[in-house]
Amino acid sequence: MTHTAEKITVDLAIVGAGPAGLAAAVAAYDSGVRDILLLERDKEPGGILNQCIHNGFGLHVFGEELTGPQYAERFVRQAAERGIPIRLQTMVLDIEAPAPRKGAPFRLHVLGPQFGDQTIEAKSVILAMGCRERTRGAIGIPGDRPSGVFTAGTAQRLINREGFSVGKRAVILGSGDIGLIMARRLTLEGAKVLCVVELMPYSNGLARNIAQCLNDFNIPLYLSHTVTDIKGHGRLEEVTISEVDANRAPIPGTEKTYPCDTLLLSVGLIPENELTRLAGAAIDPRTGGPLVSEDRQTSIPGLFACGNVLHVHDLVDFVTGEASRAGKGAAAYLAGDGRVTAEEESVGFIPGRGISYTVPHMVDRAGAPQSFTVFMRVRQPKPDGVIVMKDAEGTVVKRWKRPRLAPAEMEELTVTREMIASGGSYTFEVEE
Amino acid sequence: MTSTALSSNDRCCNDRAINDFDVAIIGAGIVGAALFRELSRYRVRIVLLERENDVALGASRANSAIVHCGCDPKAGTAMARFNTAGNRMFPELCRQLDVPFVQNGSLICAFGDEELPVLKALFDNGRANGVEHLEILDAASARALEPNLSSAVRGALFAPTGGIVGPYELTTALAENGVVNGGELLLNFDTAAISRSDKGPFTVTAADGRTVTARYVVNAAGINADKVHNLIARPTFQIRPRRGEYYVFDKSQGSLFDRTIFVCPGKLGKGILVSPTVNGNLIAGPNAQDGIARDDTAVTAAGLAEVRAGAQRITEAISWRDTIRNFAGLRAISTRDDFIIEEAPDQKGFFDLAGIKSPGLTSAPAIALAARDLLADAGLELVEKKDFNPNRHETRFLSLPPQKRRALAERDSAYGRIVCRCESITEGEIIESIRRPVGATTLDGVKRRCRPGSGRCQGGFCSVRVLEILARELGKDQREILQDKAGSSIILGTRGPVQGGDQ
């Protein structure tokens, strides 16, 4: 790293020191990159894991159940052991991608107390900014606008990090994992969770979280319901929920009213790709994240992405795996093996019937590892499902049997070089 | 900002009675604040009384944020006169007070050939109102200006003098400038009674028992102006709230239009508009619902659907999944069809600035001048202060040139720390919004002044930090910090057995 008053030059800049950024940094280092700088906007590294004090992290990566902070700590330590510097409270405001000419650096405009207002020039950049929560405004819940309506993550932070109680009687909208975890958290904190309300006819959380967070505490889960009114001047006083029809429209006459002081929203996560857009990388409207090849390289050579900025994961273990892949990808790019895929060598993956997206979106046929993982989510829950991979002619290349398919649980399918030998594009489908 | 200007929020008001004001203004919305600031030019003792815990908490915070050109109000009305006059005052006023304002121009669109004559009528009416540079455009020219207009648009009236403004930023700045120039602001002063003995001064009594005496009282109580009027004078009007609901969109949608897009006006007002905002978002609304309670600013599924349909008539280009907020505001529609700017017939010295519906925001600076003249006519002696300071300035860190940013961050590291990621607002700016005269005391107060929480995450990330900064700056416990109005507590207790908690 070279410093001047206004400019810092590094080989690899990583935006975000949450689980994705940390694992990417460690993997890049272990693949030979020495000049790495992690940029983190918060006061400490670890990202959202710092407020996830429940356990269940690390089963895949470490073979044990860790809490969020413990999981983060392992990677913070690994980064520290390698001497990888982390600049905290430092926000990247803009990324300028170089003109497509080899050797020109990315320019990151950053602001932070250690730097003031500076430019970082980096030969390669890994984006690991994570995601944000969807809000009440984004889903247009009718009613008053009192206090006491929190996104689940904000409430989690207030309770777990700041040590505050946010409410005594709560309704939770959305049965995603954070909503489920917070139902249990609030209950353990002495609050009464009246119900968890889910718009869809199935939960969007992991099965284990439904069992451990709702069933164990006798918290009712109302599927095909939504919040249709909020009342309160000052603090929240009352929430009305209604059943919805097949088109997710509230059914008049099904209203139930709950006096309560708290409404938590767990209604989806949105990858935070404002910087990705500023850099000019192509975005997949299905994931809300950039289009990437198997090494997690975006449409801009040298610019990589991993973790929830790319697509929302349900397990941090998968984030770690993906981030390691991105770190190795950036190392290869910096070592000069970062091949630019010839068009005829680019193999595309297409989400077909019943599949909402795939990551990666493509792979370089010649440069692909012997085997690699394609992540995807199904659109509908289904017991005993089969996912098939078809080539451009519609011929089935491979079938994967699954005891159960659910949108909440990401599917990881192992694809080998042999399976993509014919080139072109491959479609993944849920077999009918 | 100098340290002497810090924190006027808590000053005065320990005394139960504050006497000897020349003018008491009831209501710290845009109209009351504009008059307050105007009168602070003169050597008169003025007090601004606000029932809520902050200024701009009524219609002034929940409206379309448009500086109307003045085509729409019927020629000859007070609305027409004040609209055009107010519009002309905005560039200079907003420059002085460092308030975001853009003269972006507006287009009133005709859908279908049958609406084309409406454009001509508005053109003529606008000319009669003194609106300059009006131009009727054919469909192709309108779409050349605004490519995202619906193909159903058949023509448009272009008004380059139309603008957009930060309405609560302006109200707050006016109140602050009035305070800096010697006026008093009393918050949480919920006027419950107004009395006077014989021809002596008025006594205004708050619900909590505090009293203020003043020779003149100006009623700028917005949605409650009739109630305030009726405390001391024979009823001459009623306020019938008309609710309007809105969508606010992410900045990704802010560049769909450069200009404010109106449809042809209807019976209930100017209809649903689509406009960029001064902060780079896009706004759509309002609908118009009558028969609404005075505290009912709820949004409704039906209302939002109506706004959506209205906006979709103007353009198909909006990405509705990029909505970041819905809100509703109440317009103070009176039983008289025009602004009410007059002395109460049976109560000399008591003035109404009432029924200030749209174009009230645009008209407010001109109404302030008219109210000043009414007071002068009634005997208020107006001697200009030599030291009146019309200007104010606030730091917008990210819009400073790089050298200045570096220098400022070096001097005060709080300007090197971004707290609000979505809007890129530094801790330094948040601290400034709290320490200023008429500073923020609530989460939404900070949001209205410098925008943390108004972006796409709606405070999901930054609200916890802003809460912490507010508590620190105000010397309070975080549990005492409110979201917004009285009662809007955020934290209900402390966890854990040590503090007792609330288990």
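Because the structure is predicted, anything quoted here is derived from the model rather than measured. Per chain, numbering begins at 1; letters A, B, ... match sequence-line order.
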Heavy-atom closest contact ([X] atom, [Y] atom, distance):
X: B:Val307; Y: B:Asn287; result: CG2-N, 3.8 Å
X: A:Asn50; Y: A:Pro69; result: O-CG, 3.8 Å
X: A:Asp284; Y: A:Tyr357; result: OD2-CB, 4.5 Å

Check each atom of [X] against the heavy atoms of chain A and say whether the ones under 4.5 Å are side chain, backbone, both or neither.
X: B:Ala301; answer: both
X: B:Leu482; answer: neither
X: B:Arg465; answer: side chain
X: B:Asp484; answer: neither
X: B:Asp295; answer: both
X: B:Leu304; answer: side chain
X: B:Thr300; answer: backbone
X: B:Glu245; answer: neither
X: B:Phe397; answer: side chain
X: B:Leu398; answer: side chain
X: B:Ser252; answer: neither

Would you please say whether a donor-acceptor pair under 3.5 Å links the side chains of B:Gln458 and A:Thr135? no

Going by atom types alone, do B:Thr494 and B:Arg479 pair a side-chain donor with an acceptor below 3.5 Å? yes

Could you walk me through whether B:Val466 and B:Ile481 pass the side-chain contact (heavy atoms from CB on, under 4.5 Å) test, one step at a time? CA-CA 10 Å; B:Val466 176; B:Ile481 304 296; over 6 Å; no

Return the option, out of [options], with the maximum number of heavy-atom pairs under 4.5 Å with chain A.
options: B:Ser413, B:Gly460, B:Ala409; value: B:Gly460
options: B:Ala414, B:Gly303, B:Ala486, B:Ser489; value: B:Ser489
options: B:Lys251, B:Arg417, B:Arg321; value: B:Arg417
options: B:Thr426, B:Asn326, B:Ile491, B:Leu443; value: B:Ile491

Could you tell me whether [X] and [Y] make a salt bridge, using a distance below 4.0 angstrom between a side-chain N and a carboxylate O?
X: B:Glu427; Y: A:Lys43; answer: no
X: A:Glu272; Y: B:Arg421; answer: yes
X: B:Asp54; Y: B:Arg448; answer: yes
X: B:Glu52; Y: B:Arg61; answer: no
X: B:Arg451; Y: B:Glu429; answer: no

For chain B, find which of A:Gly232, A:Gly143, A:Ala191 contributes the most heavy-atom pairs closer than 4.5 angstrom. A:Gly143

Contacting region of [X] [heavy-atom separation from chain B under 4.5 Å]:
X: A:Asp261; answer: side chain
X: A:Ile230; answer: neither
X: A:Arg145; answer: side chain
X: A:Lys192; answer: neither

Pick out which of A:Arg161, A:Glu162, A:Gln156 makes a side-chain hydrogen bond (donor to acceptor under 3.5 Å, both in side chains) with A:Gln51. A:Gln156

